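Computed from a predicted structure; not experimentally measured.
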Amino acid sequence: MKLDFVFASVLKPGTTVAYHSHRALEIVYYAEGSGTIRFGEGPEWNIAPGSFHIAPDGCLHTQWNETELRALCIGVYGS
């Protein structure tokens, strides 16, 4: 398994992240803030402090936040 990316993300209130995917498995830990995430055409899931998501490589996802959102994003491949 190899690290593809790691970064801290801070998004201002009202930010929408357009549908996108990654070439690696993505793990995101939400440290602060609230919002919603959707994978593909599936249901919407709430984002809250202490929650996380895991998206396989190539999985389309979008998110929007109501408050400032702080998250740690990690991508790994070869697992």
Side-chain angles (χ1 to χ4, degrees):
M1 185 165 36
K2 295 186 180 186
L3 184 65
D4 187 45
F5 59 84
V6 61
F7 62 91
S9 173
V10 178
L11 299 174
K12 295 182 182 199
T15 300
T16 297
V17 178
Y19 270 104
H20 65 285
S21 65
H22 305 277
R23 65 180 186 166
L25 178 132
E26 180 188 48
I27 304 163
V28 178
Y29 173 76
Y30 299 100
E32 296 179 25
S34 62
T36 306
I37 188 165
R38 173 183 268 172
F39 299 94
E41 296 298 318
E44 296 176 359
W45 297 90
N46 291 330
I47 294 170
S51 65
F52 66 95
H53 83 247
I54 299 173
D57 64 328
C59 176
L60 286 173
H61 55 286
T62 182
Q63 73 179 41
W64 49 97
N65 53 301
E66 298 141 6
T67 64
E68 182 174 270
L69 191 65
R70 294 177 180 268
L72 177 62
C73 307
I74 301 168
V76 295
Y77 63 93
S79 61

S.K.: Hey, is CH2 on Trp45 packed in by over 12 heavy atoms from elsewhere, all under 6.0 Å?
M.R.: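 Open.
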S.K.: Going by the side-chain contact (heavy atoms from CB on, under 4.5 Å) test, name the single residue among Asn65, Leu69, Val28 that passes it with Ile47.
M.R.: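 Answer after filtering Asn65, Leu69, Val28: Leu69.
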S.K.: Under 3.5 Å, which donor-acceptor pairs link side chains of residues 49-61 to any protein atom two or more places apart or in another chain?
M.R.:
unit_1 : atom_1 : unit_2 : atom_2 : d
Ser51  : OG     : Ala48  : N      : 3.1
Ser51  : OG     : Ala48  : O      : 2.6
His53  : ND1    : Tyr30  : OH     : 2.8
His53  : NE2    : Glu26  : OE1    : 3.1
His61  : ND1    : His20  : O      : 3.3
His61  : ND1    : Cys59  : O      : 2.9
His61  : NE2    : His20  : NE2    : 3.2
His61  : NE2    : Glu26  : OE1    : 3.0

S.K.: For a quick test of reading the model, state the closest non-hydrogen atom pair linking Ala24 to Phe5 and the distance between them.
M.R.: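 Looking at all heavy atoms of both residues, the closest pair is CB-CE2, 4.4 Å.
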S.K.: To the nearest 0.5 Å, tell me how far Arg23 CZ sits from Tyr77 OH.
M.R.: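 Taking CZ in Arg23 and OH in Tyr77, the distance rounds to 6.5 Å.
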S.K.: Could you state the interatomic distance from OG1 (Thr15) to CD (Glu68), rounded to the nearest 0.5 Å?
M.R.: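 One gets 9.0 Å once the value is rounded to the nearest 0.5 Å.
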S.K.: Is the shortest heavy-atom distance from the side chain of Ile37 to the side chain of Thr62 under 4.5 Å?
M.R.: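 No, too far: nothing below the 4.5 Å cut-off.
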S.K.: Hey, quick one: are Trp64 and Phe39 part of the same hydrophobic cluster, counting side-chain heavy atoms closer than 4.5 Å, chains of contacts allowed?
M.R.: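 No, no single cluster joins them.
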S.K.: State whether the side chain of Thr67 and the backbone N or O of Ser34 hold a donor-acceptor pair below 3.5 Å, judged by distance alone.
M.R.: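 Present.
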S.K.: Step by step, work out the side chain to side chain contact (heavy atoms under 4.5 Å, CB included) result for Ile27 and Tyr29.
M.R.: CA-CA 7 Å; Ile27 304 163; Tyr29 173 76; 5.9 Å; no
S.K.: Would you say that Asp4 contacts Leu25 through its side chain, given a criterion of any heavy-atom pair below 4.5 Å between the two side chains?
M.R.: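 When only atoms from C-beta onward are counted, Leu25 and Asp4 do not touch, as no gap falls below 4.5 Å.
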S.K.: Do any pairs count as a salt bridge (Lys or Arg N to Asp or Glu O under 4.0 Å) and have a residue in residues 31-43, sequence neighbours left out, and if so which ones?
M.R.: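 For residues 31-43, and leaving out neighbouring residues, the salt bridge (Lys or Arg N to Asp or Glu O under 4.0 Å) pairs sorted by first residue read Glu32-Arg70, Arg38-Glu44.
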S.K.: State plainly whether one hydrophobic cluster holds both Met1 and Leu3, where clusters connect Ile, Leu, Val, Met, Phe, Trp and Tyr through side-chain heavy atoms under 4.5 angstrom apart.
M.R.: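 Same hydrophobic cluster.
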